[in-house]
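Reviewing the structure listed below.
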Amino acid sequence: MRLKLSVLMAVKNEEKYLSNALKSVLSFDHQDEFCIEVIVVDDGSSDNTYGIASSFTQDPRVKVFKNQSQGKVSAFNYAYCQSSGDYFIFLAGDDELVSEVLVDRVKVLQSVTKGKPSVSRCRIRTFSLNPRFDGVIYPKDEGKGSDSGGAICMNKDFANLVFPIPECLPNEDTWISLHSLYFDVSIRNISSIGLNYRIHEQNSHRRDVSFEVYNDILRRRELASLLFFNKYYNVLSSNKRSSLLTSISSEIDRAQGELVSLLFKRKLPFRRKVSLAFYCKSYLFSLRMYFNKLFSGL
């Protein structure tokens, strides 16, 4: 049997963009390489999202389900439970896949030893009506891939490691990146841009908000690190526990505006210090947002 890629979609009130998102997946025409299935879970939309998704079920590759507004992560967990793939990617209802890159994203994982958790990471390009956020590539370095959820393609062994994702989390990204960072995972980077990420006023991770609101968004996302630490404390080596604790304490410093403590944090890489510092003080945050294209993707 041919291998299968499952595209997991958690959507809510996406009627404006969902058709384009689904068309970007279904334009995949390399069925000789592997087949695809698209699992769409509507998480309690109040618009016509479910109707639009259902209109695509004439294509046998598309399956649509309803979730009773339990949250984005719950919808992704539901989608995973309904999937039957060998490989998995995430797709938001407002983003668009670069379908011709799917082959590369999957192929690099096929050479990994059976039973070894593995992920491939492609690059992301933003598109937005706001010129400040349009056309930014993450990461800028062509030799690296992004660890954002939509840039990840994972094999079944890695998927079984991360699912179910704790449903108290606001997103899947941090939980997934922690597993790839602290477990023995084969990571393959794809230099191609595999996802077009739409930035608009309804993003779950908003950019056009105040420092206080953005600070709270980051704080809630970092809950994943605490959950991860509690779950795997007895599994992680002492060095990895120490590294994770440094990361957690650095996030606490950032959230509390402790810039000096953050900058003098031992064992925290310099680039990470700079990244966190931009979200530590309101004036640094304003600077970061104003020069978004310059600082993003480094």
Side-chain angles (χ1 to χ4, degrees), residues 1-11 22 24-26 28 30-41 59-65 67 72-92 95 97-122 124 145-167 169 171-190 192 194-195 224 227-228 231-232 235-236 240:
M1 295 181 63
R2 284 182 301 164
L3 294 173
K4 181 185 290 185
L5 171 68
S6 295
V7 181
L8 310 180
M9 297 187 67
V11 299
L22 286 168
S24 73
V25 183
L26 299 176
F28 177 75
H30 297 276
Q31 297 292 322
D32 54 324
E33 298 282 354
F34 51 83
C35 59
I36 67 170
E37 65 175 3
V38 185
I39 312 295
V40 184
V41 176
D59 189 316
R61 295 174 292 177
V62 180
K63 301 175 185 177
V64 179
F65 302 90
N67 199 38
K72 177 183 178 182
V73 170
S74 173
F76 273 133
N77 285 338
Y78 189 177
Y80 180 68
C81 289
Q82 298 298 328
S83 66
S84 58
D86 304 286
Y87 303 96
F88 306 85
I89 63 171
F90 297 92
L91 180 64
D95 296 336
L97 276 179
V98 182
S99 64
E100 57 266 29
V101 179
L102 283 178
V103 173
D104 292 336
R105 296 175 68 180
V106 171
K107 265 195 168 183
V108 294
L109 300 181
Q110 293 178 358
S111 61
V112 175
T113 304
K114 187 175 178 60
K116 173 84 170 180
S118 60
V119 299
S120 65
R121 305 188 301 193
C122 66
I124 294 174
S146 171
D147 61 359
S148 177
I152 297 293
C153 180
M154 65 186 78
N155 68 357
K156 185 73 172 181
D157 296 292
F158 186 80
N160 285 337
L161 190 63
V162 300
F163 282 102
I165 303 169
E167 296 188 0
L169 297 177
N171 63 83
E172 77 288 356
D173 304 60
T174 308
W175 183 253
I176 292 172
S177 64
L178 286 166
H179 283 78
S180 63
L181 181 61
Y182 288 99
F183 279 86
D184 183 18
V185 175
S186 174
I187 300 175
R188 308 295 175 91
N189 290 311
I190 307 294
S192 302
L195 179 72
L227 295 177
F228 184 88
K231 180 174 182 178
Y232 296 114
V235 175
L236 298 175
K240 289 186 176 181

- Any donor and acceptor pair, going by atom type alone, linking the side chain of Lys4 with main-chain N or O of Ile36 inside 3.5 Å? no
- Message: Let's go through Val25 and Leu91 carefully: what are the C-alpha distance in whole Å and the side-chain angles of both, what is the deciding distance for side-chain contact (heavy atoms from CB on, under 4.5 Å) to 0.1 Å, and is it a yes or a no?
- Response: CA-CA 9 Å; Val25 183; Leu91 180 64; 3.3 Å; yes
- Ignoring hydrogens and angles, tell me if any N or O in the side chain of Ser24 forms a donor-acceptor pair with the backbone of Leu97 under 3.5 Å. yes
- Message: Please check: side-chain N/O of Asn77 versus main-chain N/O of Pro164, any donor-acceptor pairing under 3.5 Å?
- Response: no
- Query: Is there side-chain contact between Val40 and Phe65, with heavy atoms separated by less than 4.5 Å?
  - Reply: no
- Would you please test Phe183 and Val235 for side-chain contact (heavy atoms from CB on, under 4.5 Å) and show each step? CA-CA 9 Å; Phe183 279 86; Val235 175; 4.2 Å; yes
- Message: How close do Ser186 and Val112 get, counting heavy atoms only, and between which atoms?
- Response: OG-CG2, 3.9 Å
- Working for ring-ring contact (aromatic ring centres under 6.0 Å, His included), residues Phe158 and Tyr87: CA-CA 9 Å; Phe158 186 80; Tyr87 303 96; over 10 Å; no
- From CD1 (Ile187) to CZ (Arg121), nearest 0.5 Å: 4.5 Å
- Message: With heavy-atom distances below 4.5 Å as the criterion, would you say the side chains of Phe88 and Lys156 are in contact?
- Response: yes
- Query: Looking just at side-chain N and O atoms, do Ser74 and Asn67 make a donor-acceptor pair shorter than 3.5 Å?
  - Reply: yes
- Query: Between CG of Asp86 and CD of Gln110, what distance do you get to the nearest 0.5 Å?
  - Reply: 9.0 Å
- Task: With the side chain counted from C-beta on, respond yes when Ile89 and Val106 share a heavy-atom pair under 4.5 Å apart, and no when they do not.
- Result: no
- Residue pair Leu102 / Phe34: nearest heavy atoms and the distance that separates them: O-CZ, 3.8 Å
- Would you name the heavy atoms of Ser177 and Asp147 that are closest together and state the gap between them? CB-OD2, 3.9 Å
- When rounded to the nearest 0.5 angstrom, what distance separates CG in Leu26 from CG in Asp59? 5.0 Å
- Nearest 0.5 Å, what's the CG-CG distance between Leu5 and Asn155? 12.0 Å
- Would one find more than 12 heavy atoms of other residues, nucleotides or ligands at under 6.0 Å from atom NZ of Lys107? no
- Message: Walk me through whether Phe76 and Tyr80 qualify under ring-ring contact (aromatic ring centres under 6.0 Å, His included).
- Response: CA-CA 6 Å; Phe76 273 133; Tyr80 180 68; over 10 Å; no
- Message: Tell me if a side-chain donor or acceptor on Ser120 pairs with a main-chain N or O of Arg105 at a distance below 3.5 Å.
- Response: yes
- Taking side chain as C-beta onward, heavy atoms only, is Glu167 less than 4.5 Å from Leu169? no
- Would you call Asp32 and Arg2 a salt bridge, using N to O less than 4.0 angstrom? no
- Between OH of Tyr232 and CG of Leu161, what distance do you get to the nearest 0.5 Å? 5.0 Å
- Does any non-hydrogen side-chain atom of Val38 lie less than 4.5 Å from one of Met9? yes
- Is there side-chain contact between Val7 and Arg61, with heavy atoms separated by less than 4.5 Å? no
- Item | Check: Glu37/Ser83 side-chain N/O donor and acceptor closer than 3.5 Å | no
- Item | N/O donor-acceptor pair under 3.5 Å between Asp173 side chain and Ser148 backbone | no
- Within the side chain of Trp175, is there an N or O that forms a donor-acceptor pair under 3.5 Å with the backbone of Pro166? no
- Heavy atoms only: give me the nearest Ile190-Asp104 pair and the separation to one decimal. CD1-O, 3.7 Å
- Minimum heavy-atom distance between Ser192 and Cys122, given as atom pair plus value: O-CB, 3.7 Å
- Item | Leu236 CG to Lys231 NZ distance, which is reported to the nearest 0.5 Å | 11.5 Å
- Should Phe163 and Glu172 count as side-chain neighbours, where that means a heavy-atom distance under 4.5 Å? no
- Closest non-hydrogen atom pair between His179 and Val162, with its separation: CG-CG1, 3.5 Å
